[in-house]
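Both ligands and their constituent atoms are indexed starting at 1 by order of listing.
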Amino acid sequence: MRVIAIVNQKGGCAKTTTTVNLAAALASDGARVLVVDLDPQAHATLALGIDPDNVDENLYEILAEPGGGERLQEIILEAGKNLDLAPSGIVLSALEQKLASERVDARTERLSAAVDSLPEGTYEYVLIDCPPNVGLLTFNALRAASEVIIPLETSRFAIHGVDKLLETIALLTERVGHDLTVRILTTLYDGRTRFARKTLAGIRETFKDMCFDTVIRVNVKLREAAGRGRPIASFAPSANGAVDHAALAVEVEASPPVQQPEATLAASPVQQAAREVVVRFRDAKANDVRIAGDFNGWIPDKGVRSLIESDGQTRVWTKILRLAPGTYQYRYVVDGEWREDPENPEAVSSAVGGRNSVLVVS
Ligand SMILES: Nc1ncnc2c1ncn2[C@@H]1O[C@H](COP(=O)(O)OP(=O)(O)O)[C@@H](O)[C@H]1O
Ligand SMILES: [Mg+2]
């Protein structure tokens with residue numbers, strides 16, 4: 001069972017559209033799919049034709065009570081052939097309050113416990129639609145998932161806030177001790193505008209292999225389908241929106257999550273050629289300094305060894321990277337702020353805003 005969370009703290013970047021239509025496309029390819037609607041606004045529930053106000057029990061009941069997860073199956077509704085839904089409701093917005101007094105661990109693992117309680121073989125895919133913030137519900141989704149899809153819209157300034165999201169994922173990876181495979185999906189693409197083409201190029205240049213090849217084009221039928229409570233695959237099967245989500249499903253099917261990195265890396269000749277590269281950041285005021293670049297999927301400090309030393313007033317962060325020969329772009333994340341390396345004159349302006357420092361490993 002592959003559990004995939006669709007995450008971005010920004011609203012309107014097509015999380016729900018991606019969740020519902022990817023789920024329907026996977027289901028029409030014959031996979032059994034469960035959509036978990038974790039957004040109190042219940043847009044995915046509505047987009048699958050179910051009125052949240054007419055649902056007896058929703059995810060709140062499952063997540064609010066200790067051990068409630070074992071009842072997940074009882075709230076699941078059928079939303080189509082091979083396609084089920086764990087519905088949301090506005091009451092889900094009270095969950096954070098309800099669980100406030102519990103240990104962090106206990107309250108963030110509610111959904112993963114629920115998903116684990118599903119009998120083996122019930123679903124091939126579980127797709128989790130997240131709310132537009134990184135609160136308790138999104139943490140629950142990330143804990144339950146082993147894969148993350150971040151939709152980025154190419155119609156507006158897409159990259160804003162992705163740095164924060166990657167930081168959250170990095171933090172969480174540390175805390176839950178499981179790796180998350182993060183992939184970027186470009187959405188709301190209108191190839192007629194120069195802005196969209198530039199944004200797409202910038203996203204690809206920044207995130208490289210993390211990007212799906214599939215790009216979801218702007219297609220008004222997607223909005224109409226959601227309004228009618230139907231996935232695009234059945235509402236308008238020949239529309240661009242249906243074609244694009246079918247292509248996305250094929251890509252998802254073709255790329256099972258990466259196995260333990262150590263195992264795959266050891267066998268890879270590229271990694272054998274990797275060597276340790278050291279960079280340093282000096283600052284008197286900073287408390288937390290991480291490094292993110294195309295070498296670690298822009299997830300701050302992922303796969304990086306850090307040493308902190310004091311040099312009089314100044315603190316020195318030493319970052320030890322393992323890199324194969326090549327050219328890399330990176331930035332420091334200094335107390336949550338993304339900055340270029342002040343000691344490295346080599347930098348390029350990033351098509352998605354700001355400047356990235358450049359490191360060449362020969
Ligand atoms: N590719 C697209 N073409 C046209 N409209 C889209 C597309 N993707 C999403 N939309 C519309 O944009 C709005 C926001 O999308 P939604 O999936 O609800 O975003 P989120 O869940 O991230 O808030 C919705 O009205 C949706 O129907
Ligand atoms: Mg949504």
Can you find an N/O atom of [X] closer than 3.5 Å to an N/O atom of ligand 1?
X      : answer
Gly12  : yes
Asp129 : no
Cys13  : yes
Thr18  : no

message: For Arg197, I'd like to know if atom CZ has over 12 heavy atoms of other residues, nucleotides or ligands within 6.0 Å.
response: yes

- prompt: Taking the six-membered ring of Tyr189, is NZ or CZ of Arg217 closer than 6.0 Å to its centre and within 45° of its axis?
  reply: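 Negative - Arg217 is either too far from the ring of Tyr189 or too far off its axis.
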
Under 3.5 Å, side chain of [X] to main-chain N/O of [Y], donor-acceptor pair present?
X      : Y      : value
Thr187 : Ala14  : no
Lys15  : Asn8   : yes
Asp244 : Ile216 : no
Arg280 : Val316 : no

- request: Would you mind checking which non-hydrogen protein atom is closest to atom 19 (O) of ligand 1, with the distance to 0.1 Å?
  value: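 Here the closest protein heavy atom is Ala14 N, 3.0 Å.
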
message: Give me the nearest non-hydrogen protein atom to atom 7 (C) of ligand 1 as residue plus atom name, then the distance to 0.1 Å.
response: Leu188 CD2, 3.5 Å

statement: Listed as residue and atom, the protein N/O/S atoms under 2.8 Å from the Mg ion (ligand 2) are Thr16 OG1

message: Using heavy atoms and a 4.0 Å limit, tell me yes or no: is Gly241 in contact with ligand 1?
response: no

task: List every atom of ligand 1 that sits less than 4.0 Å from any heavy atom of Lys15, numbering the atoms from 1 in the order shown and giving each element.
output: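 This gives 17 (O), 19 (O), 20 (P), 21 (O), 22 (O) as the contact atoms.
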
- prompt: At a 4.0 Å threshold, what atoms of ligand 1 neighbour a non-hydrogen atom of Gly11?
  reply: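 What qualifies from ligand 1 is 23 (O).
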
query: Considering only heavy atoms, does Arg217 approach ligand 1 within less than 4.0 Å through its side chain, its backbone, both, or neither?
result: backbone

Among [options], closest by any non-hydrogen atom to [atom]:
atom                    : options                      : answer
atom 12 (O) of ligand 1 : Glu153, Arg223, Glu224       : Arg223
atom 4 (C) of ligand 1  : Thr17, Thr19, Leu222, Asn219 : Asn219
atom 18 (O) of ligand 1 : Asp244, Thr16, Asn21         : Thr16

task: For salt bridge (charged side-chain N to carboxylate O under 4.0 Å, His left out), just list the numbers for Glu340 and Arg331, CA-CA rounded to whole Å, side-chain angles, deciding distance to a tenth of an Å, and then say yes or no.
output: CA-CA 5 Å; Glu340 65 185 283; Arg331 288 192 210 189; over 6 Å; no

- prompt: When rounded to the nearest 0.5 angstrom, what is the spacing between CD in Glu153 and CG in Leu185?
  reply: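 Glu153 atom CD to Leu185 atom CG measures 12.0 Å (nearest 0.5 Å).
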
Nearest-0.5 Å distance that lies between atom CD in Glu276 and atom CG in Leu323: 10.0 Å

